[in-house]
Protein chains: 2
Amino acid sequence: MGRWEPNAGGRLARAALVLSAEKGYEATTVAEIAAAAGVTERTFYRYFPDKADAVFPDNRELLVVLAGVVEDASRTGQSPLDAALVAVHRLATYASEEPERARLSAMVIPSVPALAGRELVRQRQTSEALSGGLAAAGVPRLEAQLAAESALAVWRVAVAEWARDNWSQPLPEVVTATAEAARTLNRG
Amino acid sequence: MGRWEPNAGGRLARAALVLSAEKGYEATTVAEIAAAAGVTERTFYRYFPDKADAVFPDNRELLVVLAGVVEDASRTGQSPLDAALVAVHRLATYASEEPERARLSAMVIPSVPALAGRELVRQRQTSEALSGGLAAAGVPRLEAQLAAESALAVWRVAVAEWARDNWSQPLPEVVTATAEAARTLNRG
DNA sequence: AATGTGATGTCAGAATCTGACATCAGAGAG
DNA sequence: CTCTCTGATGTCAGATTCTGACATCACATT
């Protein structure tokens, strides 16, 4: 055993999300989060570059996975847009694996501008991962970017629909339905 | 004449952008911006809720205009997506009216996470304005949201292309070309 | 047993942002 | 013309975020 309780980063992330849900993100200070996790404020900043990052799970691995998914889908002959939508569906499945966390995040993030901005930056990284995967499968750059952005557009609308429904339906199903609606829109 | 130079807000906004372009946004302190504008730091915060807002022009009026544009376009019988693209083209025209400011913003914003987040929040507001305009013209909500998000996807890709080209071509033309590419993508 | 390493603590400080109160030129009331 | 009020700005204090520099000490290595 170490000199301190292990998994300080995990305790900090959990404390950040729980406290933010309880009393609001902005009303929660880093000092409180650190105290709840049993460390000092300085240690918090050794695990997270800033306060917002504590409520966002690190998803760099996920981006790599998604890039691979979209690349494979594209190689099987699906259109760039369909391939990107496969990856978005995978993203929904991933989010569904921790439904409680997803729901908490969905409730906390939109009401806080700083977090909303961070979330959108993350979406942009996702977009880049998707277009990168398509490009790796040989799709021309412009086409790849458009497909990725269009798929993310479906994602945003789907998440909004999901919230409108008080998060009652499974997110992957909402994504599938929204993607179908988008297809109809583009054909009509 | 008042007791102080008039247009303190304008001087602050200009100073914020110029200083950020010169030495970087994060390296520019609010105290410096205020000093350059000839006011105190406290006065800065009377004009802008935070530092990031000083480099973003207030565009609430523009959003209203765009909603009107898309509503009119929709009423003339254009498809929701085409109507939304008309509004995006208008947005490009608007940005072109102050090309130097647009270029400065394009150079400063993407490299600063805090500003990038703010920019994306603004895009979401634009998306809501567009889908609102479509809804006002009788387009069903889901369809309106998808059209708005798809049009904004075109906008994002177009701005990226514009930057890739070192901002040499007029933005409205880049938007038109990108929209055409998107149409081809959806048909193919 | 000596030494090194790494996670954490401690301390100081810059920068952002907010609340409370003071100041004073000019506008309007009388 | 004088009085008063208003509104923009200044002044001051303080909470909070975030960073750099150095100290500590259980555990691992040798």
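Here is how names work: the chains are called A, B, and so on, in the same order as the sequence lines, proteins then strands, and each is numbered from 1.
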Undergrad: Tell me which pairs pass side chain to side chain donor-acceptor pair (under 3.5 Å) where either residue lies in residues 158-167 of chain A, with sequence neighbours left out.
TA: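 Applying side chain to side chain donor-acceptor pair (under 3.5 Å) to every pair that reaches into residues 158-167 of chain A, excluding sequence neighbours, yields A:E161-B:R141, A:D165-A:S168, A:D165-A:Q169.
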
Undergrad: Quick check for you: among C:dA25, D:dT9, C:dT8, whose closest atom lies nearest to any side-chain atom of B:W4?
TA: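 Given the options C:dA25, D:dT9, C:dT8, the side chain of B:W4 is closest to D:dT9.
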
Undergrad: Show every ring-ring contact (aromatic ring centres under 6.0 Å, His included) that has at least one partner inside residues 48-107 of chain B, sequence neighbours left out.
TA: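 Residue pairs with at least one partner in residues 48-107 of chain B: B:F44-B:F48.
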
Undergrad: Can you tell me the distance, in whole Å, between the CD atom of B:E5 and the C1' atom of C:dA25?
TA: 14 Å

Undergrad: Which residues pass the side-chain contact (heavy atoms from CB on, under 4.5 Å) test with A:P99, sequence neighbours left out?
TA: none

Undergrad: Just jot down the side-chain contact (heavy atoms from CB on, under 4.5 Å) partners of A:S111, sequence neighbours excluded, or say none.
TA: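 Once residues adjacent in sequence are excluded, A:S111 has no partner under the side-chain contact (heavy atoms from CB on, under 4.5 Å) criterion.
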
Undergrad: Residues two or more places apart in sequence or in another chain: which of them pass side chain to side chain donor-acceptor pair (under 3.5 Å) with B:Q145?
TA: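 Counting only residues at least two positions away or on another chain, B:Q145 forms no side chain to side chain donor-acceptor pair (under 3.5 Å).
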
Undergrad: B:S127: which residues meet the side chain to side chain donor-acceptor pair (under 3.5 Å) condition with it, sequence neighbours left out?
TA: B:E149

Undergrad: Quick one, B:T178 with A:L146, criterion side chain to side chain contact (heavy atoms under 4.5 Å, CB included). Give me CA distance, side-chain angles, the key distance, then yes/no.
TA: CA-CA 9 Å; B:T178 307; A:L146 284 166; 4.1 Å; yes

Undergrad: Counting only heavy atoms not in A:E98 (residues, nucleotides, ligands), do more than 12 fall under 6.0 Å from its CD?
TA: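 No, CD of A:E98 has 12 or fewer neighbouring heavy atoms, counting only those of other groups under 6.0 Å.
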
Undergrad: If you go through the side-chain atoms of A:R3, does one of them form a donor-acceptor pair with the base of D:dC27 closer than 3.5 Å?
TA: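 Counting by modelled atom types and ignoring angles, no donor-acceptor contact under 3.5 Å is found here.
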
Undergrad: Let's go through A:V88 and A:V70 carefully: what are the C-alpha distance in whole Å and the side-chain angles of both, what is the deciding distance for side chain to side chain contact (heavy atoms under 4.5 Å, CB included) to 0.1 Å, and is it a yes or a no?
TA: CA-CA 9 Å; A:V88 166; A:V70 72; over 6 Å; no

Undergrad: Below the 4.0 Å mark, does D:dA8 have OP1 or OP2 next to a side-chain nitrogen or oxygen of B:T43?
TA: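 Answer is no, no contact under 4.0 Å.
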
Undergrad: Answer yes or no: does a side-chain N or O of B:Y47 lie under 4.0 Å from OP1 or OP2 of D:dA8?
TA: no

Undergrad: Residues from residues 112-120 of chain B sitting under 4.0 Å of DNA chain D, heavy atoms only?
TA: none

Undergrad: So does B:G10 get a backbone contact from the side chain of B:Y47, meaning a donor-acceptor N/O pair under 3.5 Å?
TA: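 No, the answer is negative, given that no donor and acceptor are paired below the 3.5 Å cut-off.
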
Undergrad: With sequence neighbours excluded, tell me which residues meet side chain to side chain donor-acceptor pair (under 3.5 Å) with B:N59.
TA: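 Per chain and number, B:N59 pairs via side chain to side chain donor-acceptor pair (under 3.5 Å) with no residue.
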
Undergrad: Grab the N/O contacts between the protein and nucleotides 2-4 of chain D below 3.5 Å, and write none if there aren't any.
TA:
none

Undergrad: Rounded to the nearest angstrom, tell me the gap between atom CG in A:L12 and atom P in C:dA7.
TA: 14 Å

Undergrad: Compute the angle between the rotation axes at the two ends of the helix from C:dA1-D:dT30 to C:dG30-D:dC1, each taken over five pairs, rounded to 10 degrees.
TA: 10°

Undergrad: For A:R11 and C:dT8, what is the distance between atoms CZ and P respectively, to the nearest whole Å?
TA: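 To the nearest whole Å, that distance equals 8 Å.
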
Undergrad: With the sugar-phosphate defined as primed atoms, P, OP1 and OP2, and the base as all remaining atoms, what B/S/- string results for nucleotides 15-21 of chain D, 5' to 3', for protein heavy atoms under 4.0 Å?
TA: -SBBBBB

Undergrad: Does B:E143 have any side chain to side chain donor-acceptor pair (under 3.5 Å) partners at least two apart in sequence or in another chain, and if so, which?
TA: none

Undergrad: Determine whether more than 12 heavy atoms belonging to other residues, nucleotides or ligands lie under 6.0 Å from atom CZ of A:R101.
TA: yes

